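The block underneath contains the structure these notes are about, expressed in structure tokens.
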Amino acid sequence: MTPTPHLLATRSLSARYGDFQALFSVDFRIAAGEVVALIGANGAGKSTFLRALMGLLPVGRDMVLFEDQPVGGNPPHHMVQLGVAMVPEGRRLFAGMSVEDNLKVAIDHARKTGDKTWTLERIYRLFPILQEKRNAQVEKLSGGQQQMVAIGRALLAQPRLLLCDEISLGLAPKVIREIYEVLPEIARTGTSIVLVEQDVMLAQRASNRLYCMLEGHITLESTSSEVTRADIAQAYFGAGHEVA
Amino acid sequence: MKWLDALIQGVLLGGMYAQYALGMALMFGVMRIVNIAHGDLVVLLALIGITLSVAVGLGPLPLVLVLVPLAALIGWGLQKFVLNKVVGADSLPSLIATFGLSIALQNLMLEIWSADTRSMSGGGIEAASVNVGGIYIGLLPVLILIAATLLTGGLDLTMRRTRFGRALRAAAADTEAAAMTGVNPRVVYAYATAIAVGILGLSGVFFALRATVSPADGPAQLIYAFEAVIIGGMGSIWGGFVGSMVLGIAQAIGFRIDPGFGTLAGHLVFLTVLATRPQGLMSKG
């Protein structure tokens with residue numbers, strides 16, 4: 001039997017918004033239990049890439065492989081059943097609903113196969129403030145608390161692959177630390193994590209491997225502990241950029 | 001006594017409007033889909049009901065059992081084949097699509113049933129009333145009010161407590177976020193519209209028992225449902241019920257002041273609410 005080397009991989013993934021091509025032939029892979037960071041400037045295509053993986057953008061069938069099966073272009077609710085969940089940029093909570101109802105939507109529609117690793121109680125242990133605020137409407141919460149709901153909602157889908165889009169954006173440093181402290185616990189359950197992050201240092205520290213994107217292309221792929229600042233600067237800003 | 005009578009008749013009239021408002025509260029208030037054909041669907045179902053009662057001799061109760069599933073099926077198809085193609089942040093496409101449907105339905109009904117007004121015989125229930133301390137209370141309006149109250153309570157609980165209700169609220173709040181949480185918004189919306197229109201199957205029978213029906217009556221039913229939902233507050237299921245009561249009572253009191261003033265009184269109350277509390281009476285905002 002041949003082992004499955006990657007939980008998810010993309011092969012020459014290209015995607016466009018109308019006439020604008022946002023992703024060019026992206027080759028990406030992530031193994032089970034791995035934390036992979038995706039860095040890059042604003043508009044580099046990081047969010048577009050996650051949206052393509054989640055099934056929110058039309059892409060070719062063979063461009064996305066989940067356990068070697070072609071799944072590109074599957075609708076999002078199918079991707080959830082395979083084991084992909086997303087913490088979207090800007091949190092995108094269900095306004096007008098309580099914290100607990102937001103989380104229950106994920107429980108109701110979680111992946112049906114496999115163990116129920118994440119329970120409401122476990123999310124409340126991870127983020128005790130959410131238990132306290134469970135009956136509050138989500139729009140009454142602080143930004144950090146909302147981010148916790150968004151992460152809890154994604155985890156309750158029982159993902160094997162968690163896509164995190166800019167989870168530190170707009171939060172206070174103390175809150176960012178609190179949120180990043182839970183990532184190792186998530187990875188320990190065997191869940192793979194793709195971390196899209198603006199803060200390069202944070203991304204490097206929290207990940208096993210990292211990719212850098214520039215204008216829809218992958219410009220760097222490396223083990224996080226080995227990559228140098230100069231490599232990152234070159235990949236981040238493009239060839240010919242002088243490192244000061 | 002005259003005003004107490006007006007109040008009671010107003011509440012009973014409000015019960016009639018509440019049935020139309022309920023589906024509207026779900027579609028317009030929660031899903032933000034403007035269904036202009038709402039009133040025409042009531043008329044269509046009422047006319048089908050009248051024809052069945054004459055041709056097959058079905059009584060009101062068996063008719064409800066036939067018309068509610070038929071109405072739910074119409075609603076499901078309407079959402080799946082028409083409205084799901086145009087749902088989004090903008091409510092204008094759904095408005096235009098259902099406006100077209102409304103005109104098509106009215107003409108179709110004219111073609112089939114002609115412009116004659118018809119009514120349904122309910123074996124005496126439509127005229128039965130009880131005398132409570134000098135005030136005559138119609139049995140049918142009381143039945144309608146009870147049905148509307150139970151349906152509103154049931155739908156409100158469904159929205160707040162069930163998997164389906166949470167999925168629908170989530171999809172209405174952020175369709176894409178709901179999809180990435182595992183909800184299939186198109187299926188949830190199709191079921192929701194099936195419920196909204198399914199309720200009209202019951203309304204159609206009550207409408208045909210209570211009043212005369214002709215193919216052009218739809219828009220008048222539509223406007224009351226819209227007004228009730230806006231008076232009560234968008235997004236609130238009980239809001240549509242409360243709005244219907246406000247409209248019914250305003251009209252009944254208006255009629256006592258001057259027979260020509262009743263309908264106008266309802267519209268004036270609507271405009272007053274819109275001017276002073278545009279978020280609606282039941283809205284938390």
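Keep in mind the model is a prediction, meaning the values are calculated, not measured. Proteins get letters first, then strands, A, B, ... in listed order; numbering begins at 1 in each.
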Shortest non-hydrogen separation from [X] to [Y] and the atoms involved:
X	Y	result
A:Pro76	B:Ala179	CB-O, 3.4 Å
B:Ala173	A:Phe94	CB-CA, 4.0 Å
B:Ala167	A:His109	CB-CE1, 3.7 Å

Please rank [options] by heavy-atom pairs under 4.5 Å with chain B and give me the top one.
options	value
A:Met86, A:Arg111, A:Met54, A:Lys104	A:Lys104
A:Arg91, A:His78, A:Met97	A:Met97
A:Asp108, A:Val80, A:Asp101	A:Asp108

- Hey, are the side chains of A:Met79 and B:Met180 touching, using non-hydrogen atoms and a 4.5 Å cut-off?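 A side-chain contact under 4.5 Å is absent here.
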
- Query: About how many Å separate OG1 of B:Thr181 and CG of A:Leu103, when rounded to the nearest 0.5 Å?
  - Reply: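 Answer for the CG-OG1 pair, A:Leu103 versus B:Thr181, is 10.0 Å.
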
- Item | Inter-residue atom distance B:Arg166.CZ - A:Ser98.OG, 0.5 Å rounding |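 Separation between the atoms: 9.0 Å.
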
Count the heavy atoms belonging to other residues, nucleotides or ligands that lie under 6.0 Å from [atom1] of [X], then report whether that count exceeds 12.
X	atom1	answer
B:Arg160	CZ	yes
A:Lys140	NZ	no
A:Tyr180	OH	yes

- Task: Using non-hydrogen atoms and a 4.5 Å limit, figure out which bit of B:Ala178 sits close to chain A: side chain, backbone, both or neither.
- Result: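 Backbone plus side chain of B:Ala178, per the 4.5 Å heavy-atom cut-off to chain A.
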
- Query: chain B heavy atoms under 4.5 Å from A:Ala157: which part of the residue, side chain, backbone, both or neither?
  - Reply: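 Neither part; nothing is under 4.5 Å.
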
